[in-house]
Amino acid sequence: PATPALSIMSLARTAALVFLPTMTFGAVLVLGSIKPLQAASNNAPTASCVGVMVNPILEDVEGGMPQHAFQGGMAETKLALVVDSPTGGIVGLAREGSKVIEFTDSTGKSLIDKDSPFGPFGFSSRILSEGQRLALELDGAALHAPGATWIAAKGLIAVRIAHEKGTWTSDRATLANNTHVEVGPFGFKVLRSEKSTWSDGYEIEVETKDDVSNLTAMAAIDDAGQRHELRTTSTMSFMGMTRLTFESKSNILSAKLEAEAWKNAQTKNVPFNVKMRVGQGGN
């Protein structure tokens, strides 16, 4: 008969034979899941700060515009932020989904104007490097406190990203006042089509209630089948309505309009937590 010690050893060997394959299989599952997670992390958009501007008021004219050190802006502090997307596809900034949680200097002074109707994100965002980079600005309504050595900001930048474009063509339409043209997901009302007053070309002005932020190109195909590129010269949005002005080298009386736009754009929230030195000797 087996002794108690031998029985215990046999049970231990059996447990080891059962446990080791299970542990090995589990390890393969765990280790196998790490690489896709790392790849996804490496391809995720990231945000950084690439510059700071301090813009003090040199002369505060009563009843007039204050004179800043740098002309062309009212912000007394600016941070230049950049969002990098390794896979490209940046369509634009989703301003309504972006937010600043903190914008302070090293003394704790807040640089945000909470009463501003425009918010701290500037209006000069740019898409660079063929969609791999978004440059934008964070505007501070106040100057940092005397003696402050750094400025810090953190929050979320909502970035619209897409990797597929679609092209839609309308039915033939007369490009005259009050003509409605449906081009895929866009519905345009023609406001005017006439000779440009500032160039040798012709202008077509339209308005729409649709979101045209994904629009990348427009063209007109005339009755003879010739394709004319329409260059966007002006975009103005107000109260849910957008007006666009296109320039053509030819006078187009009737045509099929062609629109190219990003499809299936998704919004990704990119966190930022940045700090930049100001003053002298700050770190």
Side-chain angles (χ1 to χ4, degrees), residues 41 44-62 64-86 89-129 131-161 211 213 235 237-239 265-283:
S41 176
T46 57
S48 60
C49 186
V50 295
V52 59
M53 183 180 80
V54 178
N55 191 25
I57 296 176
L58 301 180
E59 182 182 9
D60 197 353
V61 181
E62 185 175 353
M65 296 292 289
Q67 299 299 308
H68 286 81
F70 294 93
Q71 295 183 354
M74 299 298 292
E76 295 192 34
T77 307
K78 275 184 180 287
L79 291 182
L81 304 179
V82 165
V83 176
D84 287 298
S85 173
I90 294 179
V91 177
L93 170 69
R95 187 178 301 276
E96 64 282 356
S98 303
K99 62 180 179 179
V100 176
I101 300 171
E102 180 182 304
F103 192 4
T104 59
D105 67 14
S106 58
T107 70
K109 178 182 177 181
S110 176
L111 306 181
I112 297 177
D113 181 3
K114 295 183 178 179
D115 297 326
S116 172
F118 304 110
F121 288 99
F123 289 93
S124 58
S125 62
R126 294 162 291 152
I127 299 173
L128 307 172
S129 302
Q132 289 190 317
R133 173 166 283 190
L134 173 69
L136 65 156
E137 296 174 357
L138 197 61
D139 291 347
L143 203 63
H144 64 76
T149 56
W150 48 258
I151 292 172
K154 63 181 179 181
L156 288 174
I157 302 171
V159 182
R160 292 187 300 107
I161 295 179
D211 181 10
S213 58
T235 303
S237 298
F238 183 73
M239 298 294 288
Q266 296 182 343
T267 299
K268 294 188 177 182
N269 292 325
V270 184
F272 67 92
N273 190 349
V274 299
K275 180 188 289 187
M276 295 293 284
R277 288 194 288 177
V278 293
Q280 296 181 356
N283 54 51

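Along the sequence shown, the residues carry numbers beginning at 1.
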Pairs of donor and acceptor atoms involving the side chains of residues 64-73, under 3.5 Å and at least two apart or interchain, shall be tabulated with distances.
from	atom 1	to	atom 2	distance (Å)
Q67	NE2	M65	O	3.2
H68	NE2	M74	O	3.4

request  = Check whether any side-chain N or O of D105 sits under 3.5 Å from a backbone N or O of A148 as a donor-acceptor pair, and report yes or no.
outcome  =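 No, D105 side chain to A148 backbone: no donor-acceptor pair under 3.5 Å.
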task = Please check if the side chain of D113 supplies one atom and the backbone of A141 the other of a donor-acceptor pair under 3.5 Å.
result =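 Between the backbone of A141 and the side chain of D113 there is no qualifying donor-acceptor contact (under 3.5 Å).
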Not counting sequence neighbours, which residues clear side-chain hydrogen bond (donor to acceptor under 3.5 Å, both in side chains) with [X]? List them please.
X    : value
T267 : none
T235 : none
N269 : none

query = Taking C-beta and beyond as the side chain, do T46 and F272 meet within less than 4.5 Å on heavy atoms?
reply =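 Contact flag for T46/F272 side chains = no.
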key: Between CG on residue L138 and CE on residue M53, distance to nearest 0.5 Å   =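 Interatomic distance, L138 CG to M53 CE, rounded to 0.5 Å: 12.0 Å.
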query = Which value, rounded to the nearest 0.5 Å, describes the distance between M276 atom CE and L81 atom CG?
reply = 9.5 Å
Using side-chain contact (heavy atoms from CB on, under 4.5 Å) as the criterion, list what pairs up with [X], not counting sequence neighbours.
X    : value
S98  : L93, F121, I157, A158
K154 : I101, E102, N273
F123 : R95, F118
V54  : P56, L143, H144, V278

V100 vs I112, side-chain contact (heavy atoms from CB on, under 4.5 Å): CA-CA, chis, key distance, verdict = CA-CA 9 Å; V100 176; I112 297 177; 3.8 Å; yes
ask   = Just checking, is any N or O donor in the side chain of T149 or R277 under 3.5 Å from an acceptor N or O on the other one?
value =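 Their side chains do not contain a donor-acceptor pair, so the 3.5 Å distance test is not met.
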request  = Quick one: which residue pairs count as a salt bridge (charged side-chain N to carboxylate O under 4.0 Å, His left out) with a foot in residues 48-59, not counting sequence neighbours?
outcome  = none
ask   = So which pairs with a foot in residues 74-85 pass side-chain hydrogen bond (donor to acceptor under 3.5 Å, both in side chains), sequence neighbours left out?
value =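 As it turns out, the side-chain hydrogen bond (donor to acceptor under 3.5 Å, both in side chains) pairs with a partner in residues 74-85, which skip direct neighbours, are K78-E137, K78-D139, D84-R133.
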